[in-house]
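Worksheet: one structure, shown below.
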Amino acid sequence: MAPQPVVTGLSPKEGPSGTRVIIRGEFLGTKATDLLGLKICGFDCLLSAEWVSPNKIIARSGPAKGVGDIIVTTRSGGEGTSAVQFRALGHHETIGPLKESAVWIDEAPSQNFAWGRRTLVQSLTPDDPLGLSTEGNEKKNVENLRELFPNASGDLSQENFSPALFLLENHSSTTFADLKAGLSYLNRKVESQKEGQLSFLKSNAGSVIEQLDTLMNIKEKLQEDQNQYGAQPLNILEQEIESSIKESENIFTDVLLRKEKADSTRAVLLALSRHKFLFCLPNTVEKRALAGEYDMVVNDYARAKSRFGKTEIPIFRKVMEEVDQRILQIRRQLHDNVIKMPQSVEQQRKLIKALISLEVQQQTGTSINDKLRNTDPAWDAIDARAKYMEKTFKQTFEQFAGKDAQGGEKSKNRDLTQPPNRVLFCEELCEIAAAQLPDLWRLGQMYFTGELRGPNDPRPGDFKRMVLNAIEKFCIYLKVAICATDAEARSLRQSVGFVWPVSHSSHDIFKSWLPQCLRYTRITYATLISLDLPSPALDIVQKFIDETRLQCFSNIFEKATQKCSKLSENEMWEMGVEDFPGATLLPQRMEELLIETLDEAQQSCINPEIREGNLMETESDGQRELSLRLQKFLLCFCDVIQELAFDSQKEEIPTHNVSQLLGYPNNQQNNTLISGRFATFSSSTAVTWEQRMLCCLANCAYCNKSFFHRVGKLFERYGYPLSSLAIETARYSVNKLFSNILDAYVEHKGDPLVGTIEPSMYLGAFQWDAEMNIGQLRPYAHECCDNLVAVYSEIFTISPALLRPILEPIVLTISEELARLMSCVQQFSPTGAVQANVDIRLLRDALRLYTNDTGRNYFMEALEAINPPLSSEQIKKADEILEQVKERMKLQLMCFAVKEP
């Protein structure tokens, strides 16, 4: 018993039904008759099997499907196994004898049937003397073999047959084992030919008997035919043969017609297959256009034009005409899509390039090109984008302005921390401009660089006007939105025809949001600068930004001026100026407010950003606005001082620090404390009006002397030009205010004091012509001196620098009053003359530091009015009394002797 067959290799490993499969393995049978069965994927393939050697079998796969084993069954080894599997790819319909076929099958030569075993199917490979397959043994190096064997032949039927040449030509790749099997096959074939007739008959006895039976049947049939058709049945046979010939000719003619039809069909199918691209092109371009694959449409149309644009074949021309019609429709769709907004620049660029390519290709060799001729698709796209941007600006304005028109900002419950609709509009408009203006510019650059240029010449002038108009519209809408005054609104209505529908109160709310709008505009401006736009376009935005910066600056200072006007509400009358006693911290608070304002202005609008100029250039609107705003700010501060000085007078009754009792000075309680170099007011008592007046006078003097100059230096430190006009105007105003407050204070203090001199002088029916005791001052002089000391004390406590400006006019009034009173006395007694001389001289000498030339003249007139004039003895007596009085009043008079208090 031989070993079981084993399949170890396949070639190929998959295929459809009818695939030629080379099976390799071991123990696949000793000879062809030893092969009893072959199954591929469970289907019996024995009829198509050709045994080649014990290691090789060639067969055709059957109508199986799926993966299966290759099972070989031999007589000697039985049913075998498989180490590999074959994948059947399904059943393919075969063409049978009863099915019409459009394929011409050449007649094959008759096949020789070998003696012995009957073969049901003809060999799938040509006969080989060794019984081996020549597949895979292609003839190679034929020229070299001929040189090696010049007089030999590899043909077995030739006399010069050479076995070596035969093996090299036909079995150069055959294995040695297969060659040994072929040799065995050749030996068996030779041995069978050597056997005699007897052995042949023995081995083919069955066939001989069948052939004898067949001959007997033919004899019997021939006898029957003779009996039926007569002695000459050949005539009838001849007729039948002729009839058969005619019928065969008819069949052959029919087959020829079928062959011609099949050839025609094959030619048509071949043409359709070869030119499938053209015949499917109308539907292909339409589908790809709907899918947005315009590049493929252009490529396919260009390919068709290059191959079939000049064809004379009617069917091709007809198809091309249909393609041209479809391309014409696609061009119309492309043009509509190009000007359809919104869309990205890249999408427009893609559509324009496709449209230009299709138009250029359709200009040549097409009769329908004139039916649609776009003037310039790229320019139409630019124009459409510019109009869309302007439309977007207008719609955005109407959307946000409509909210305010409906009373959105008039609501009492509106949250002031939320930006107004105008601010939201500025933000939205700047975002639109920053997004769409670059797209418009890039599209224009593509157009002018030739990337998207159409058939017409470019129009740079029109594009420049288009860009400038878009930027101007952008700035106009922003200018309308940030309008903050009614006058500006009326001017805008006259110039542009529309304004933002808001009330006056909304302007005030919006002013604090103006820097935010400026920030949005600057961001958009930076975006435009990065595009490398021409200077005229950028100058429009820069001009608007400069105007907005100036408006922001004005608003910031206007807000600061409003805050400055409220400084009086927080005045605590705390004195702390290092170099100017009496001045309160009010100027310092104003300076802090000014520094805060300048910092805010620097951060929000003054510091120039990219491509922005200096807002405060010489002789510019910014410098004039700075001077105006600084002047208003300083004048507002002067108004604050005036309000503190005079409005507080209405709230309380001024205290006249003048005693109404002879001989007793005013002992009003002083609520001022001296702490270090500065005087402060007691927190337990209220500040009097007189003290407030003195502080205001000190503030005015401080501002005039140094503080306003310090403000100018502060502006220079921040880089602003020094506004001398504003500083000098403020100094003039503060000097005028100082004079007004001084007059009010002097009037308030001097008039009551002077008014008490005459009543005190004649109190108790006193007369100057009567004799009297002398040796001390009269009460009126004593009281006048004490009242002046009280005024001096009040001023010295607050601001010693104010002593001379205040006491000098009071002393002048006193001297004038004394001169008047003395001139009214007709006659002095000797003692009365001495007393009057002592009183006047004491006041004159005590107040000499605060007496001007006019006052000294009045004192001289008062002394000269004493009638009769004093004798030498009287003068001597007056001098003695004067020295005594001065000694007694040394403490009172000491304050008037200090030159620089």
Nearest heavy-atom approach of V577 to T584 is CG2-O, 3.5 Å
Notebook entry, point to check: Would T729 and F708 satisfy side chain to side chain contact (heavy atoms under 4.5 Å, CB included), going step by step from the backbone distance to the final call?
Noted result: CA-CA 10 Å; T729 303; F708 282 168; over 6 Å; no
Applying side chain to side chain contact (heavy atoms under 4.5 Å, CB included) to L753 and C784, what does each step give before you reach the verdict? CA-CA 7 Å; L753 188 149; C784 181; 3.9 Å; yes
**Exam field: side chain T597 to backbone L593, donor-acceptor pair closer than 3.5 Å** = yes
Fill in: Geometric class of the W689/H748 ring pair [parallel <30°, tilted 30-60°, perpendicular >60°]
perpendicular
Between D546 and R549, does at least one N-O distance fall below 4.0 Å, as a salt bridge requires?
yes
- Between the side chain of R422 and the main-chain N/O of A481, is any donor-acceptor distance below 3.5 Å? yes
Answer yes or no: is there a donor N or O on one side and an acceptor on the other, between the side chain of R804 and the main chain of L849, under 3.5 Å? yes
Should L644 and L586 be marked as a side chain to side chain contact (heavy atoms under 4.5 Å, CB included) after you check the CA-CA gap, both sets of side-chain angles, and the distance that decides it?
CA-CA 11 Å; L644 291 172; L586 182 66; 3.6 Å; yes
- Are F557 and F553 close enough that their ring centres sit under 6.0 Å apart? yes
Sorted by chain and number, sequence neighbours left out, ring-ring contact (aromatic ring centres under 6.0 Å, His included) with F400 holds for none
- Message: Keeping T813 on the side-chain end and G750 on the backbone end, is there a donor-acceptor pair under 3.5 Å?
- Response: no
Q. Taking the six-membered ring for Trp, are Y718 and Y720 parallel (under 30°), tilted (30 to 60°) or perpendicular (over 60°)?
A. tilted
Salt-bridge present (R519, E609; N to O < 4.0 Å): yes
Inset, instruction - For S565 and Q562, indicate whether the former's side chain and the latter's backbone hold a donor-acceptor pair under 3.5 Å. - result: yes
| Between the main-chain N or O of E617 and the side-chain N or O of S620, is there a donor-acceptor pair closer than 3.5 Å? | yes
Donor-acceptor pair, distance only, cut-off 3.5 Å: does the side chain of N704 make one with the backbone of V734? no
Original post:
Taking C-beta and beyond as the side chain, do P581 and M575 meet within less than 4.5 Å on heavy atoms?
Top reply: no
d(F637 CZ, M590 CE) to nearest 0.5 Å is 4.5 Å
Exercise for review: Before giving the answer on side chain to side chain contact (heavy atoms under 4.5 Å, CB included), spell out for L594 and F715 the whole-Å C-alpha distance, their side-chain angles and the decisive distance to 0.1 Å.
Suggested key: CA-CA 9 Å; L594 188 59; F715 271 74; 3.6 Å; yes
Practice problem: Return yes if some donor-acceptor pair links the side-chain N/O of S799 with the main-chain N/O of I795 below 3.5 Å, else return no. | Solution: no
Is a donor from one side chain sitting under 3.5 angstrom from an acceptor on the other, for Y858 and R844? no
SB check E728 R731 (cutoff 4.0 Å) = yes
With no hydrogens and no angle check, just 3.5 Å: does a side-chain donor-acceptor pair link E428 and T396? no
Quick one: sort the F896 and Y850 rings into parallel, tilted or perpendicular, breaks at 30° and 60°. perpendicular
| query | Do Q691 and T688 meet the criterion of a side-chain donor-acceptor pair at a distance under 3.5 Å? | reply | yes
key: N/O donor-acceptor pair under 3.5 Å between R848 side chain and D845 backbone   = yes
Ignoring hydrogens and geometry, is there a side-chain-to-backbone donor-acceptor pair from W500 to Y477 under 3.5 Å? no
In terms of heavy-atom contacts, I471 and A537 come closest through CD1-CB, 3.5 Å
Strictly below 4.0 Å, N to O, side chains only: are D539 and R611 in salt-bridge contact? yes
Mind checking whether K479 and E547 have side chains closer than 4.5 Å, heavy atoms only?
yes
The side chain to side chain donor-acceptor pair (under 3.5 Å) partners of E817 (sequence neighbours excluded) come to R820
Residue set satisfying side chain to side chain donor-acceptor pair (under 3.5 Å) with E600, at least two apart, ordered chain then number -> K559
